[in-house]
> 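Okay, here's the structure, questions in a sec.
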Amino acid sequence: MRKFEGGKLVVASHNKGKIAEIADLIGPFGIEAKSAAEYNLPEPEETGTTFEQNAYTKAFAAASATGLPALSDDSGLVVDALGGAPGVYTADWAETGNGRDFDMAMRKVEHLLQQEGATTPDKRTGRFVAVLCLAWPDGHAEYFRGEVEGTLVWPPRGEKGFGYDPVFQPNGYEETFGEMPASQKHSWEAGRGDLGLSHRARAFALFARTRLGAA
Ligand SMILES: O=P(O)(O)OP(=O)(O)OP(=O)(O)OC[C@H]1O[C@@H](n2cnc3c(O)ncnc32)[C@H](O)[C@@H]1O
Ligand SMILES: [Mg+2]
């Protein structure tokens, strides 16, 4: 395994919601983390069919452009009754040709769930998945995956978070991710026995334990 001593890291994402969550998670580790947008990097095309492939595309593009190690996040919502859709295409489902519309994307998921007759919670199960990829300019890469199981609710609830948060209620909680304070959704601290709650927190916890010396 490649040594990573901390120092500088590019957060290879253009999603403000993700970048804010990763900044909170990385904050305590004393790493200078700047986002791809701060380096004026273009958004690479995500043509892969797995979270890992797209995560690699993003991290390697940022690492080779900056000469620094880069950490990307490819994530999505996997709905069981829809055969795993939207999955790696979660962002595409919100694309309008003129920016992203997540109200539309959430309505689309709901419409398809109704078509499948998925009207009771047991038929509306799914998970958020996040794959973090840490890549170096020479192409070496490491992956950290986190998942959180939950139920798709309708109508959407809550204004917090981003993306599909208002329709996702994680198992064991009354609130959707849209209703939870950010600190509850993605918090994870070194030394805590668990991996945190959100898919991103869980993937990050693995990264921090493997790479940042976290307990
Ligand atoms: O590729 P980058 O630049 O990182 O940003 P992106 O928004 O395009 O990110 P992805 O390609 O990984 O697509 C992930 C999609 O899944 C959604 N998503 C991921 N994590 C989420 C979370 O924690 N809460 C709500 N929606 C989430 C998000 O809104 C995107 O539409
Ligand atoms: Mg993307």
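Every number for a ligand or one of its atoms is a count from 1 in the order of the listing.
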> Pull out every atom of ligand 1 sitting under 4.0 Å from any heavy atom of Phe102, numbered as shown with elements.
29 (O), 31 (O)
> Please compare Glu43, Glu21, Glu95, Lys185 and report which has the shortest non-hydrogen distance to atom 23 (O) of ligand 1.
Lys185
> Could you walk me through whether Ser75 and Asp73 pass the side-chain hydrogen bond (donor to acceptor under 3.5 Å, both in side chains) test, one step at a time?
CA-CA 6 Å; Ser75 42; Asp73 167 316; 2.8 Å; yes
> Could you tell me, atom by atom, which parts of ligand 1 come under 4.0 Å of a heavy atom of Thr90?
15 (C), 16 (O), 17 (C), 31 (O)
> Only heavy atoms of Asp74, strictly under 4.0 Å: list the atoms of ligand 1 that pass.
10 (P), 11 (O), 12 (O)
> Starting from atom 5 (O) of ligand 1, find the nearest protein heavy-atom neighbour and note its residue, name and distance.
Asn15 CB, 3.3 Å
> Heavy-atom contacts with Asp73 under 4.0 Å: which atoms of ligand 1 show up? List them by number with element.
4 (O), 12 (O)
> Considering heavy atoms of the protein only, find what lies nearest to atom 12 (O) of ligand 1 and give residue, atom and distance to 0.1 Å.
Lys18 NZ, 2.8 Å
> Regarding Lys34 and the six-membered ring of Tyr39, is the cationic atom NZ or CZ under 6.0 Å from the ring centre and inside 45° of its axis?
yes
> Just to check, does Tyr164 reach to within less than 4.0 Å of ligand 1 when the distance is taken from its heavy atoms?
yes
> Check Glu46 and report its N/O/S atom nearest to the Mg ion (ligand 2), by atom name.
OE2
> What is the nearest protein non-hydrogen atom to atom 13 (O) of ligand 1, stated with its residue, atom name and distance?
Ala91 CB, 3.5 Å
> Less than 4.5 Å apart, side chain to side chain, heavy atoms only: is that true for Val109 and Leu82?
yes
> Measure across Ala63 and Ala70 and return the closest heavy-atom pair with its distance rounded to 0.1 Å.
N-CB, 3.8 Å
> Checking contacts here: is it the side chain or the backbone of Phe128 that comes within 4.0 Å of ligand 1, counting heavy atoms only? Could be both or neither.
side chain
> How close do Glu52 and Tyr143 get, heavy atom to heavy atom, and via which atoms?
O-CE2, 3.6 Å
> For atom CD of Glu174, is the number of surrounding heavy atoms from other residues, nucleotides or ligands below 6.0 Å larger than 12?
no
> How far is atom 20 (N) of ligand 1 from the closest protein heavy atom, and which atom is that?
Arg200 NH2, 2.9 Å
> What's the separation between atom OG in Ser187 and atom CE in Met180, rounded to the nearest 0.5 Å?
10.0 Å
> Looking only at side-chain N and O atoms, does Ser13 offer a donor or acceptor that is under 3.5 Å from a partner on Asn15?
no
> Please determine whether any non-hydrogen atom of Arg100 lies less than 4.0 Å from an atom of ligand 1.
yes
> Suppose I only count heavy atoms of Ser75 and a 4.0 Å limit; which atoms of ligand 1 are within that range?
12 (O), 13 (O), 14 (C), 15 (C), 16 (O), 19 (C), 20 (N)
> May I ask you to list the atoms of ligand 1 that are less than 4.0 angstrom from any heavy atom of His199?
20 (N), 21 (C), 22 (C), 23 (O)
> Taking Arg127 first and then Asp80, would you say they form a salt bridge - that is, a charged N and a carboxylate O separated by under 4.0 Å?
yes
> Looking at side-chain heavy atoms only, is the closest gap between Phe204 and Glu21 below 4.5 Å?
no
> Which heavy atom of Leu25 sits nearest to which heavy atom of His186, and what is that distance?
CD2-O, 3.1 Å
> Give the numbers and elements of all ligand 1 atoms closer than 4.0 Å to a heavy atom of Glu46.
1 (O), 11 (O)
> Considering only non-hydrogen protein atoms, determine which one is nearest to atom 24 (N) of ligand 1 and report residue, atom name and distance to 0.1 Å.
Asp165 OD1, 2.6 Å
> Report whether any nitrogen, oxygen or sulfur of Asp74 sits less than 2.8 Å from the Mg ion (ligand 2) (N, O or S, backbone or side chain).
no
> Could you list which atoms of ligand 1 come closer than 4.0 Å to a heavy atom of Lys58?
1 (O), 2 (P), 4 (O), 10 (P), 11 (O), 12 (O)
> Please compare Met106, His186, Lys16, His14 and report which has the shortest non-hydrogen distance to atom 3 (O) of ligand 1.
His14
> List the steps and the verdict of side-chain contact (heavy atoms from CB on, under 4.5 Å) for Leu134 and Thr210.
CA-CA 11 Å; Leu134 177 66; Thr210 310; over 6 Å; no
